[in-house]
Amino acid sequence: MRKALIAGNWKMNKTDPEAIELARALVAEVGQYEACDILLCPPFTSLKSVGDVIRGSKIKLGAQTMHWEKSGAFTGMVCADMLKSLGCTYVIIGHSEQRQFFGETDETVNKRTRAALANGLTPIVCVGEFLEQRESGKHEQIVRDQVIQGLKGLTSDEMKQVAIAYEPVWAIGTGKTASSQDADDMHACIRSTIEKVWNRDVAQGLVIQYGGSVKPDTIDEQMAMPNIDGALVGGAALQADSFARIVRFQAG
Ligand SMILES: O=C[C@H](O)COP(=O)(O)O
């Protein structure tokens, strides 16, 4: 049985005082909630302070990306050790905004994923198609390729530490969600790809989150789908009440 993972990706939002305020409100609302795993991914600048606020609660801490090298001359970047030293246990990798604006490729996704795993961090590997790719019927092939290339070379044991987030690019921050059925179909496609490349055990254990305009009024139907195991939430994670309602989804 897969435990749902509800993650808030705060992206480039919240000053440090604002991040502390939001984290405090979430600890008060859902800090001891155990029906699903809860993850906060603030910007690098607030990992330390959010980590301090959530310490002792059930809420986990993650980063929004990392470099694959251990240290060195990589201005602007952070490495796994730095994230771990602040209490991170997760890291988002290959988000479509990293792919679109910062040159992320399947190859760099693979490097980051391997480095995260080698350092005991759980990577949430993001995949998803553009609207024109869906409209031309290529969406499943595009996402399958991202999965296979991004996770290339991982052992079955390593795969058991990975989560995937399916985020159709056209649904991110637009207010348009994929229908629950379309999302579930893609999640099933991802799961069957994992089964073919690795094995059934890995595929059945894999947490696949949906991301793209998830809101309090969409989450219940989404989480009722058999292949949707959680959500990677952007905009609706920036207010405590909406994120707390998403965390407390009622899946049927
Ligand atoms: O990482 C989160 C996703 O990009 C979704 O963002 P959104 O909920 O604002 O559409």
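Remember, it's 1-based here, ligands and their atoms both numbered in the order they're listed.
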Any side-chain donor-acceptor pair under 3.5 Å between W10 and Q64?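 Per modelled atom types, W10 and Q64 side chains form no pair under 3.5 Å.
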The criterion is salt bridge (Lys or Arg N to Asp or Glu O under 4.0 Å); which residues satisfy it with K3, sequence neighbours excluded?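 With neighbours one apart ignored, the set is D37.
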Output all residues satisfying salt bridge (Lys or Arg N to Asp or Glu O under 4.0 Å) with D52, sequence neighbours left out; order by chain, then residue number.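 Counting only residues at least two positions away or on another chain, D52 forms a salt bridge (Lys or Arg N to Asp or Glu O under 4.0 Å) with K48, R55.
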Taking only residues two or more places apart in sequence, or in another chain, which ones meet F243 in a ring pair (Phe, Tyr, Trp, His ring centres under 6.0 Å)?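 If we apply the ring pair (Phe, Tyr, Trp, His ring centres under 6.0 Å) test to F243, skipping adjacent residues, there are no hits.
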As a quick check of understanding, evaluate side-chain hydrogen bond (donor to acceptor under 3.5 Å, both in side chains) for S180 and E221, giving each step before the final call. CA-CA 7 Å; S180 298; E221 184 182 302; 2.8 Å; yes
Quick check for you: to the nearest 0.5 Å, what is the distance between T177 atom OG1 and K215 atom NZ?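 Interatomic distance, T177 OG1 to K215 NZ, rounded to 0.5 Å: 8.5 Å.
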Can you produce the list of protein nitrogen or oxygen atoms under 3.5 Å from a nitrogen or oxygen of ligand 1, alongside each distance?
from: ligand 1; atom 1: 1 (O); to: N9; atom 2: ND2; distance (Å): 3.0
from: ligand 1; atom 1: 1 (O); to: H95; atom 2: NE2; distance (Å): 3.0
from: ligand 1; atom 1: 1 (O); to: E167; atom 2: OE2; distance (Å): 3.2
from: ligand 1; atom 1: 4 (O); to: K11; atom 2: NZ; distance (Å): 2.7
from: ligand 1; atom 1: 4 (O); to: H95; atom 2: NE2; distance (Å): 2.8
from: ligand 1; atom 1: 4 (O); to: E167; atom 2: OE1; distance (Å): 3.2
from: ligand 1; atom 1: 4 (O); to: E167; atom 2: OE2; distance (Å): 3.4
from: ligand 1; atom 1: 6 (O); to: K11; atom 2: NZ; distance (Å): 3.2
from: ligand 1; atom 1: 8 (O); to: S213; atom 2: N; distance (Å): 3.4
from: ligand 1; atom 1: 8 (O); to: G234; atom 2: N; distance (Å): 2.9
from: ligand 1; atom 1: 9 (O); to: G235; atom 2: N; distance (Å): 2.8
from: ligand 1; atom 1: 10 (O); to: G173; atom 2: N; distance (Å): 2.6
from: ligand 1; atom 1: 10 (O); to: S213; atom 2: N; distance (Å): 2.7

